[in-house]
Amino acid sequence: MARCTFLVLMAFLSGCATTRLAGADLDRVTQPAFISRIEDGAGPKARVFREDDAYGEKLKKLEPKEADRRLQAKLSKAVTRFEISERLRVSTINQLPRERPWTNIVDPARVASALESFLVEEVPANAPDYDLLTPLGSDVVVEFVIQDYGMRSDKGHAGAYLKGYGRMFRLDGRSEQWRRPFEVDQLEAGAPHLDPFRVGKDPDLFRQAITSLLDGVAEQFAQDLTPKDRRGGPPLPEGPELTAPDSTNRTGRENQQPPPKPEPELPAGELPDPDP
């Protein structure tokens, strides 16, 4: 059911600047290079307490702006930008059929080395110099860009969200052959409430949520990159699967009569405890 809901959301964006990949264009590709990156300032963002006053009584004296700042710090520790970008890239590649050109992808380590982004936590925020990939033999770039991600809330119901686009273009001339914008949101999908106070105590809950969204986007990307109208060639023998790096698998006020006892101060950087 969750997968069907996700696909409905993707279909909602299908008419928004989407370019379908033609089989004939894919047939002409010889050696694609994959790039996955996160734009500067994309996240993680906490848009929970300032945009939803449903948590006012729970926060008590803690200002919503400060509560969001603390939650954002927790989200940053849950999953790194590098893990998020790698998850999207690797998950997409693993779902592509074992046939050309997907069996002739430029070694990701060589791509990262050429772009000076090998094994760094902060992936390049700005668009890379794609010409650096030409000496590697690449004729096409498949690029995934994350523009915005984090947590948001509406009427006391919170969840993770993710926004960006994928595209494929030729290095000679930069002509785009495929583009797919995406905007996936647990609130819009009707997913269970992701309690921000529980995330504050267990940030891994956010990692699980964003990972689920990334895998759904990767599934749609893999479908887009497998057009039915291509001539192509026979699938190659089964071989070892590409796997993600370990870093990726691991995305009411009380009655005041009598006056209440003073409540203990929150530890620095912490959010209130979740409800039992």
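This structure is a prediction, so every number in the text was calculated from the model and none was measured.
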With a 4.5 Å heavy-atom cut-off, do [X] and [Y] have their side chains touching?
X: Pro108; Y: Phe34; result: no
X: Gln95; Y: Glu219; result: yes
X: Thr92; Y: Leu225; result: yes
X: Asp107; Y: Leu136; result: no
X: Val140; Y: Leu171; result: no
X: Phe221; Y: Val142; result: no
X: Tyr149; Y: Ile38; result: yes
X: Val48; Y: Tyr55; result: yes

Would Val79 and Ile210 satisfy side-chain contact (heavy atoms from CB on, under 4.5 Å), going step by step from the backbone distance to the final call? CA-CA 9 Å; Val79 57; Ile210 207 71; 4.1 Å; yes

With a 6.0 Å cut-off on the ring centroids, do Phe144 and Phe182 count as close? no

State whether the side chain of [X] and the backbone N or O of [Y] hold a donor-acceptor pair below 3.5 Å, judged by distance alone.
X: His157; Y: Ala191; answer: yes
X: Thr19; Y: Gln177; answer: no
X: Gln186; Y: Ala160; answer: yes
X: Ser113; Y: Ala109; answer: no
X: Asn104; Y: Thr30; answer: yes
X: Asp139; Y: Gln31; answer: yes
X: Ser138; Y: Thr134; answer: no

Give the C-alpha distance, both sets of side-chain angles, the deciding distance and a yes or no for side-chain contact (heavy atoms from CB on, under 4.5 Å) between Asp195 and Leu205. CA-CA 9 Å; Asp195 188 339; Leu205 294 173; over 6 Å; no

Could you pull out the closest heavy-atom pair between [X] and [Y], with the gap in Å?
X: Ala42; Y: Ile146; result: CB-O, 3.7 Å
X: Gly166; Y: Trp178; result: C-CZ3, 3.5 Å
X: Arg174; Y: Asp131; result: NH2-OD1, 2.8 Å
X: Pro32; Y: Pro101; result: CD-O, 3.6 Å
X: Tyr161; Y: Asp148; result: OH-OD1, 3.1 Å
X: Ala209; Y: Leu194; result: CB-CD2, 4.0 Å

Apply side-chain contact (heavy atoms from CB on, under 4.5 Å) to the pair Asp204 and Arg207, showing each step before the final yes or no. CA-CA 5 Å; Asp204 190 65; Arg207 183 192 66 80; 2.6 Å; yes

Distance in Å, [X] [atom1] paired with [Y] [atom2], rounded so as to fall on 0.5 Å steps:
X: Gln208; Y: Phe206; atom1: CD; atom2: CZ; result: 11.5 Å
X: Leu213; Y: Asp185; atom1: CG; atom2: CG; result: 8.0 Å
X: Arg50; Y: Asp68; atom1: CZ; atom2: CG; result: 4.5 Å
X: Arg47; Y: Gln72; atom1: CZ; atom2: CD; result: 11.5 Å
X: Thr226; Y: Leu26; atom1: OG1; atom2: CG; result: 8.0 Å
X: Arg89; Y: Leu214; atom1: CZ; atom2: CG; result: 13.0 Å

Could I get the full list of side-chain hydrogen bond (donor to acceptor under 3.5 Å, both in side chains) partners for [X], not counting sequence neighbours?
X: Asp52; result: Ser153
X: Glu176; result: Arg167, Arg179
X: Lys65; result: none
X: Lys74; result: Glu270

In one Ile/Leu/Val/Met/Phe/Trp/Tyr side-chain cluster, 4.5 Å: Leu71, Leu187: no

Examine Val199 and Leu62 and state if one hydrophobic cluster contains both, with Ile, Leu, Val, Met, Phe, Trp and Tyr joined whenever side-chain heavy atoms are less than 4.5 Å apart. yes

Apply salt bridge (Lys or Arg N to Asp or Glu O under 4.0 Å) to the pair Arg20 and Asp25, showing each step before the final yes or no. CA-CA 10 Å; Arg20 175 182 172 274; Asp25 288 335; over 6 Å; no

Members besides Tyr165 in its Ile/Leu/Val/Met/Phe/Trp/Tyr cluster (side-chain heavy atoms under 4.5 Å): Val145

Does Lys201 have more than 12 heavy atoms from other residues, nucleotides or ligands lying within 6.0 Å of its NZ? yes

Can we say [X] and [Y] salt-bridge, meaning some charged N sits less than 4.0 Å from an Asp/Glu carboxylate O?
X: Glu99; Y: Arg230; result: yes
X: Glu188; Y: Arg152; result: yes
X: Arg87; Y: Asp215; result: yes

Kindly indicate whether a cation-pi arrangement holds for Arg37 with Phe82, taking the cut-offs as under 6.0 Å to the six-membered ring centre and within 45° of the axis. no

side-chain contact (heavy atoms from CB on, under 4.5 Å) between Leu21 and Met168: does it pass, once the steps are laid out? CA-CA 8 Å; Leu21 177 62; Met168 187 174 89; 3.4 Å; yes

Sorted by chain and number, sequence neighbours left out, ring pair (Phe, Tyr, Trp, His ring centres under 6.0 Å) with Tyr130 holds for Phe169

